[in-house]
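The figures here come from the full heavy-atom set of this structure, side chains too, leaving out hydrogens, waters and symmetry mates.
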Amino acid sequence: MGGQLLIGVPVYGQQEMTHDLVRDLWRENADFVIIDNRGDYRPLGDERVERPGQNLGWAGGSNLGFRLAFSEGYANAMTLNNDTRLSLGYVAALLDPALPADLGMVATVYDDKYAISKMLSDYDGPAEQYVPRHRYREMTFIDGTGLLITRDAWRAVGGLDERTFGDYAWGADRDLSARVRDAGFKIYVTERGFMNHLRQKTVSTMTSASRYKLRAYREMTAGMRRIGMRHRLKADDEAPYVVHDFDHRVDQIR
């Protein structure tokens with residue numbers, strides 16, 4: 001049992017969107033599990049489905065995926081939104097042995113202009129047409145849309161905080177990034193892989209977009225205040241990121 005990577009995909013409805021992602025994951029020969037928070041997911045084929053019996057939300061569903069991965073002997077675990085599409089070679093890019101050995105978390109670049117700009121690619125077309133670039137970025141934090149954590153980092157710091165940041169867990173990925181870095185690991189984003197992020201399609205089935213964003217932002221701000229991270233967030237936001245080529249030379253600082 002076990003392997004290099006188990007990908008957990010927390011879902012709440014949106015069957016067809018999840019099926020599109022499942023096809024991408026099959027193409028990538030990925031090991032993955034659907035975390036069915038609503039209990040009504042209809043498998044497209046023989047994909048593995050775990051039904052926790054309640055809505056664990058994004059953070060809780062992601063943590064369930066992490067626990068499954070590491071209890072089953074995987075070296076890495078990942079949480080991946082179902083509102084994403086993946087480039088060719090996506091999984092191989094995340095597991096690239098040319099990435100530095102000190103990584104604790106890694107993600108790929110994406111096209112989400114409304115999220116973390118330091119992860120943004122200058123390519124914004126269909127994921128399957130992405131041409132890999134042989135560079136990676138050293139980051140202070142990454143987005144939970146598609147986030148891989150190593151077994152060593154998870155053992156050192158645990159998973160996502162399910163309590164502090166409210167129902168939508170905005171900020172839990174930032175908090176996890178900070179804990180991983182504090183434990184001595186590095187965080188990277190590789191340009192050898194890419195994802196399209198269709199943004200908030202699942203949550204929009206439960207509430208209006210504006211109401212969701214307002215509540216999620218308020219809960220994130222309150223959570224960051226409670227754990228004393230507001231000043232650190234500002235510093236991390238303003239910190240440049242370093243772009244390396246895969247010969248481990250500094251290419252540029254942005």
- Message: Strictly by ring pair (Phe, Tyr, Trp, His ring centres under 6.0 Å), give each pair with a member in residues 108-134 just once, sequence neighbours left out.
- Response: Y123-Y130, Y123-F194, Y130-F194

- Item | Partner of L21 by side-chain contact (heavy atoms from CB on, under 4.5 Å), out of L44, D83, T84 | T84

- Message: Taking the basic N atoms (NZ, or NE/NH1/NH2) and the acidic carboxylate oxygens, is any pair closer than 4.0 Å for R48 and E72?
- Response: yes

- Query: So which heavy atom on P52 is nearest to which on L64, and how close?
  - Reply: CB-CD2, 4.3 Å

- Taking NZ, NE, NH1 and NH2 as the nitrogens, is one of them in R133 or D122 under 4.0 Å from a carboxylate oxygen of the other? yes

- Ion pair K186/E138, N-O distance below 4.0 Å: yes

- side-chain contact (heavy atoms from CB on, under 4.5 Å) partner of D161, the single match among N63, D175, D173: D175

- Validation row: Y136, R192 side chains within 4.5 angstrom (heavy atoms): no

- List the steps, then state whether side-chain contact (heavy atoms from CB on, under 4.5 Å) holds for V9 with L25. CA-CA 11 Å; V9 184; L25 291 167; 4.2 Å; yes

- Query: Does the cation-pi check pass for R174 over F141, that is, NZ or CZ under 6.0 Å from the six-membered ring centre and within 45° of its axis?
  - Reply: yes

- Message: Would you say Y74 ends up clustered with L68 if hydrophobic residues are merged whenever their side chains have heavy atoms under 4.5 Å apart, either directly or through other cluster members?
- Response: yes

- Item | Results of salt bridge (Lys or Arg N to Asp or Glu O under 4.0 Å) for D152 - residues two or more places apart only | none

